[in-house]
Amino acid sequence: MSAHGPAQKMTARASGPLRGTAHVPGDKSISHRALILGAMAVGETRITGLLEGEDVLDTAKAMAALGAEVIQHGPGEWSVHGVGVGGFSEPEDVIDCGNSGTGVRLIMGAMATTPITATFTGDASLRSRPMGRVTDPLTLFGTQAVGRDGGRLPMTVVGAADPLPVDYITPMASAQVKSAVLLAGLNAPGQTVVTERAATRDHTERMLRGFGAEVVTEQTEDGYRVTLTGHPELKPQNIAVPRDPSSAAFPVCAALIVPGSDVLVPNIGLNPTRAGLFTTLREMGAELIFENEREEGGEPVADLRARYSPNMKGIEVPAERAPSMIDEYPILSIVAANADGVTHMPGVHELRVKESDRIDAMAVGLRACGVTVEETEDSFSVEGLGAGGVPGGATAAARLDHRIAMSFLICGMAAKNSVSVDDGSPIATSFPIFEQLMAELGAQIVRSNR
């Protein structure tokens, strides 16, 4: 059973060439942050291109529950009338963040230094994910958090009445942890500092500067250091959300493995802390072209053209690249299965604590499709079978994980036999138009009763 309705089995079979233009949804990471910072500004923030997947809609509802006025004006067009830093009011009910780890962790950070109490929950997948990685540093501000055993949701957070500034070194590469601490630091005096050993996606830093906060980033001997000066008055902004590179990964990778394909994906965000997949695909020999490179709203963007690439080779993916493509390893493993040779992906332990254990989910599903996979706690390797070599003919367990579901449906488009997922309904959390978009390109995906 999915979070938002009954399980829906979906099947993809070998497709003809995928051709056309794929207008993927707005960037999920930027959409979450636009709503949250808009709610923390004074005045009206206007947002265009907002991703209207369930994850982001749950964040919009949470901002309204905390006192901001959130209005939808049309498809992708929203406004947020903010209450200012420290201006959140206590919600009347439990805040349900659905499937979104990004949403719940950033919202916890945003309210952690305001003296209010909020209780958070989510679907079965989110309730299984660890929140201590965020609540531990938030307690340094004076925040209190009480949840289930293992620091899991449901969880009640009591905001600090007299917050202290924090100097925190993250124990793992996590943009969610970094962002939660920075958002909490907005309502703390002095300077809040976060140091990461490896730089993660920097959308929060970029957007904070755009809203008027003083944020300084520097490379030090200890790593990537971000310093935020507290108590700014955030100024409302007009935000145009670029299209999501993590969503673009699916039509792009499908085009690379389906014979004869040529797909254009316009206006994709190419923030260097997010573009690791495209670098990796090019190293494997993918015909992937960046057209019309430009900058919009402080974020680099381009149009991506992907063509069928039957001669891709397996490679060693550098471990230090993992933070820039952590959400893309599931679909990368599908491409790897259609390349020649072994693709080794180290430094990816974070995949084990995503919406599902993504290393195990992909390994089990790929083996069922006839692909050899080896895994350790921190890595996995896929032995490629060459273009069109994946046997398929299996049903993969999606495990309430949208990226696992979409990855195996892409697998079925190039496999010898159709590939199914037991439940495709979680796809709506991040990519609600996935089926329609892929069908318009020529993919064959069907739903069936369980």
- Task: Report yes or no: do His402 and Ser430 form a side-chain donor-acceptor pair below 3.5 Å?
- Result: yes

- Side chains of Glu54 and Thr429, donor plus acceptor under 3.5 Å: no

- Task: Show your working on side-chain hydrogen bond (donor to acceptor under 3.5 Å, both in side chains) between Thr102 and Gln176 and close with a plain yes or no.
- Result: CA-CA 6 Å; Thr102 299; Gln176 294 175 0; 3.0 Å; yes

[atom1] ([X]) with more than 12 external heavy atoms under 6.0 Å:
{"X": "Glu374", "atom1": "CD", "value": "no"}
{"X": "Glu316", "atom1": "CD", "value": "yes"}
{"X": "Glu233", "atom1": "CD", "value": "no"}
{"X": "Asp162", "atom1": "CG", "value": "no"}

- Query: Would you call the rings of Phe250 and Phe431 parallel, tilted or perpendicular, where under 30° means parallel and over 60° means perpendicular?
  - Reply: tilted

- side chain to side chain donor-acceptor pair (under 3.5 Å) with Asp27: which of Arg243, Arg274, His203? Arg274

- Note on the structure: Checking Thr200, Thr170, Thr204 against Lys178 for side chain to side chain donor-acceptor pair (under 3.5 Å), the one that qualifies is Thr200

Can you check whether [Y]'s main-chain N or O pairs, donor with acceptor, with [X]'s side chain at less than 3.5 Å?
{"X": "Arg209", "Y": "Val215", "result": "yes"}
{"X": "Arg148", "Y": "Leu153", "result": "yes"}
{"X": "Thr143", "Y": "Leu138", "result": "yes"}

- Task: Could you walk me through whether Ser246 and Arg403 pass the side chain to side chain contact (heavy atoms under 4.5 Å, CB included) test, one step at a time?
- Result: CA-CA 9 Å; Ser246 295; Arg403 300 197 194 283; 3.6 Å; yes

- Between Arg46 and Glu77, is the closest basic N to carboxylate O distance under 4.0 Å? no

- Under 4.0 Å between a Lys/Arg side-chain N and an Asp/Glu carboxylate O for Asp96 and Lys61? no

- Establish, for the pair Arg282 and Phe290, whether the NZ or CZ atom is under 6.0 angstrom from the six-membered ring centre and no further than 45 degrees off its axis. yes

- Query: Do Val177 and Val194 pass the side chain to side chain contact (heavy atoms under 4.5 Å, CB included) test, and can you show the C-alpha distance, the side-chain angles, and the key distance before you say yes or no?
  - Reply: CA-CA 9 Å; Val177 174; Val194 183; over 6 Å; no

- Report the C-alpha separation of Val317 and Glu283 in whole Å, then their side-chain angles, then the decisive distance to 0.1 Å, and conclude whether the side chain to side chain contact (heavy atoms under 4.5 Å, CB included) test is met. CA-CA 9 Å; Val317 183; Glu283 290 175 357; over 6 Å; no

- In sequence, state the C-alpha distance, the side-chain angles, and the governing distance for Ile239 and Met207, and then conclude on side chain to side chain contact (heavy atoms under 4.5 Å, CB included). CA-CA 9 Å; Ile239 299 175; Met207 196 174 290; 4.2 Å; yes

- Query: Does the side-chain hydrogen bond (donor to acceptor under 3.5 Å, both in side chains) test come out yes or no for Ser179 and Arg33, once each step is laid out?
  - Reply: CA-CA 9 Å; Ser179 298; Arg33 288 159 173 81; 3.3 Å; yes

- Message: Using side-chain heavy atoms (C-beta onward) and a distance below 4.5 Å, is Ile334 in contact with Met362?
- Response: yes

- All heavy atoms of Leu441 vs all of Ala22, minimum pair found to be CD1-CB, 4.1 Å

- Name all residues meeting the ring pair (Phe, Tyr, Trp, His ring centres under 6.0 Å) criterion together with Phe88; count only those two or more places apart in sequence or in a different chain, and write none if there are none. none

